[in-house]
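Below is one structure, written out as structure tokens, with a few remarks after it.
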Amino acid sequence: MTFSERILVWYDKNKRTLPWRGTRDPYKIWLSEIMLQQTRVVQGTPYYLKFIGNYPKVHDLANASEEEVLKLWQGLGYYSRARNLHATAKMVVGEYGGDFPDTYKELLKLKGVGDYTASAISSICFDRPEPVVDGNVYRVLARYFGVDLAINSTEGVKYFKKLAREVMNAKNIRDYNQGIMEFGAIQCSPKKPNCDECPLNKSCVALQTNKVGELPVKLKKTKVRDRYFNYVVFMSEDTKMMLEQRKGKGIWQNLWQFPLIESEESLIKESFTRQLNSFDYQPEIVSVDKFNTDAIIHKLSHQHLYTTFWIVHTKGSQQDGGVSFEDVEKYPVPVLIADFLERFKKTYFQ
DNA sequence: AAAACGGGGCA
DNA sequence: TGCCCAGTTTT
């Protein structure tokens, strides 16, 4: 049996039941693929079900507001995926009459659809002989063929794509592509792969040369940046809070948060109070207090956010931008803000 | 070519 | 703590 035949046999016996597994509906495959980019199946699945429930057809997604889409996406991370998802839904409805393109080349033009996703959709939905190369495939190929090129180097990316094309099963690309990814996720996992019961163990180069733990090779990631966030939770006498939308570049684009003072280090109350002058909004201040004594460390893949929430009670009622506590929960916010709101609610409204 | 972009799970 | 996840886009 060839490599791809063994993958197909293994897949037939070991595949998980997943909500999108049986379908060829490009909308559903596309949605699942976008959600699973850099995201584990267990984390993405509830969101997939939620989206299909709210938007059964691509038209439903296209007709929604970005705000609503972001709210449903809240907590899944990499929010550009949600913005691109929405834009692509509108594009598919507006420019393609509601039907997704059926070739790799055309799919690649859609926002948020790169090499992997274009390959996945074209092969899974339309049987196009395009090999997928995701993190699982890199791992399986690197180990089985003993390739020590860095998977995130330009040369490595090119090499693995070519190798993937050479060893794929073009006759049943739909199952083969899903099979090799499933194989990487279940059998040839990053840590503690099950080599003892692996159908490929006799011919696996990494196993034979005792290099399973060293492959695949990946170039070092960039180091993490520390940032200091001071969120200003203005609370007026009518218990309304000031909320604003993140614009421009950077993290959490188009999501909502409290007015933010970023500093070079943790602030004491005096310096914080002084910096309140920088806002356009200048209410009469009644009190200033830290909500959390120690900074909350919110970790992103590339940033550590040392965060303090300052509760600033103000005189009178909120001007424009005031949001009641019930309404705050309707806005799409980062997990950092959502967690705070949860704790704040318990502290002040119980 | 490298950096930016989230959040969670696991040893 | 560091690594990885059905990657893509921007710099």
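We name chains A, B, ... by the order of the sequence lines, and we start the count at 1 in each one.
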Do any side-chain nitrogens or oxygens of A:Gln38 fall under 4.0 Å of OP1 or OP2 in C:dC5?
no
Base, sugar-phosphate or nothing for A:Lys192? Non-hydrogen atoms, less than 4.0 Å.
nothing
Under 4.0 Å from OP1 or OP2 of B:dG7: is there any side-chain N or O of A:Trp73 that close?
no
When all nucleic acid strands are considered with a 4.0 Å heavy-atom cut-off, which category describes A:Ile124: base, sugar-phosphate, or nothing?
nothing
What nucleotide, of B:dC5, C:dC5, C:dG7, holds the atom closest to the side chain of A:Ile251?
B:dC5
Go through C:dG7, C:dC4, B:dG7 for me and flag the one nearest to the A:Trp252 side chain.
B:dG7
OP1 or OP2 of B:dC5 versus the side-chain N and O atoms of A:Gln303: is any pair under 4.0 Å?
yes
Take atom CD1 of A:Ile151 and atom P of C:dC5, then tell me their distance rounded to the nearest Å.
7 Å
Remember a base hit wins even if backbone is also touched, and classify A:Asn177 as base, sugar-phosphate or nothing at under 4.0 Å, heavy atoms.
nothing
Could you tell me whether the side chain of A:Arg81 has a donor or acceptor atom within less than 3.5 Å of a complementary atom in the base of B:dC5?
no
Can you classify the ring geometry of A:Phe279 versus A:Phe234 as parallel (below 30°), tilted (30 to 60°) or perpendicular (above 60°)?
perpendicular
d(A:Glu182 CD, A:Asn177 CG) to nearest 0.5 Å is 12.5 Å
Once you apply a heavy-atom cut-off of 4.0 Å, does A:Ser301 come out as touching a base, just sugar-phosphate, or nothing?
base
Interatomic distance, A:Leu85 CG vs B:dC5 C1' [rounded to whole Å]
16 Å
Within this structure, what is the OH-to-C1' distance between A:Tyr78 and B:dG7, rounded to whole angstrom?
9 Å
Atom pair distance, as rounded to whole Å: CD1 in A:Ile337 and C1' in B:dG7:
15 Å
When you measure from the side chain of A:Ser263 to the backbone N and O of A:Ser266, does any donor-acceptor pair fall under 3.5 Å?
no
Below the 4.0 Å mark, does B:dA3 have OP1 or OP2 next to a side-chain nitrogen or oxygen of A:Arg225?
no
Rounded distance in Å between the C1' positions of B:dG9 and C:dT8:
23 Å
Name the nucleic acid region contacted by A:Gly75, choosing base, sugar-phosphate or nothing; use a 4.0 angstrom heavy-atom cut-off, strictly under.
sugar-phosphate
Go nucleotide by nucleotide along DNA chain B from the 5' end; which of A:Arg227 and A:Val42 gets its closest nucleotide reached first?
A:Arg227
What's the CD-P distance between A:Gln43 and C:dC4, to the nearest Å?
17 Å
Using whole Å, report how far NZ of A:Lys218 lies from C1' of B:dA3.
14 Å
Going hydrophobic residue to hydrophobic residue with side-chain gaps under 4.5 angstrom, can you get from A:Val288 over to A:Val286?
no
Would you say A:Thr117 reaches C:dT8's phosphate, i.e. side-chain N/O to OP1/OP2 under 4.0 Å?
yes
Quick check on B:dC5: is either OP1 or OP2 less than 4.0 Å from any side-chain nitrogen or oxygen of A:His302?
yes
Taking the same atom, P, in B:dC5 and in C:dT1, what whole-Å distance lies between them?
24 Å
Length of the line joining A:Leu219:CG and C:dG2:P, which is rounded to integer Å:
18 Å
Would you say A:Asn230's side chain and A:Ile261's backbone share a donor-acceptor pair under 3.5 angstrom?
yes
Quick one: do A:Asp327 and A:Lys330 make a salt bridge, cutoff under 4.0 Å?
yes
Please give, in whole Å, the distance from C:dC5 C1' to A:Tyr47 OH?
15 Å
Under the 3.5 angstrom rule, does the side chain of A:Gln178 hit a backbone N or O of A:Arg174 as a donor-acceptor pair?
yes
At 4.0 Å (heavy atoms only), tell me whether A:Gly250 reaches a base, stays on the sugar-phosphate, or touches nothing.
sugar-phosphate
Phosphate OP1/OP2 of B:dG8 contacted by A:Lys299 side-chain N/O (<4.0 Å):
no
Counting the atoms with a prime plus P, OP1 and OP2 as sugar-phosphate, which does A:Leu76 contact under 4.0 Å by heavy atoms, base, sugar-phosphate, or nothing?
base
Assuming nearest nucleotide by heavy-atom distance, tell me which of A:Lys191 and A:Leu255 is located more 5' along DNA chain B.
A:Leu255
Nucleotide nearest A:Leu300 when distance is taken to its side chain, options B:dG6, B:dG9, C:dG7:
B:dG6
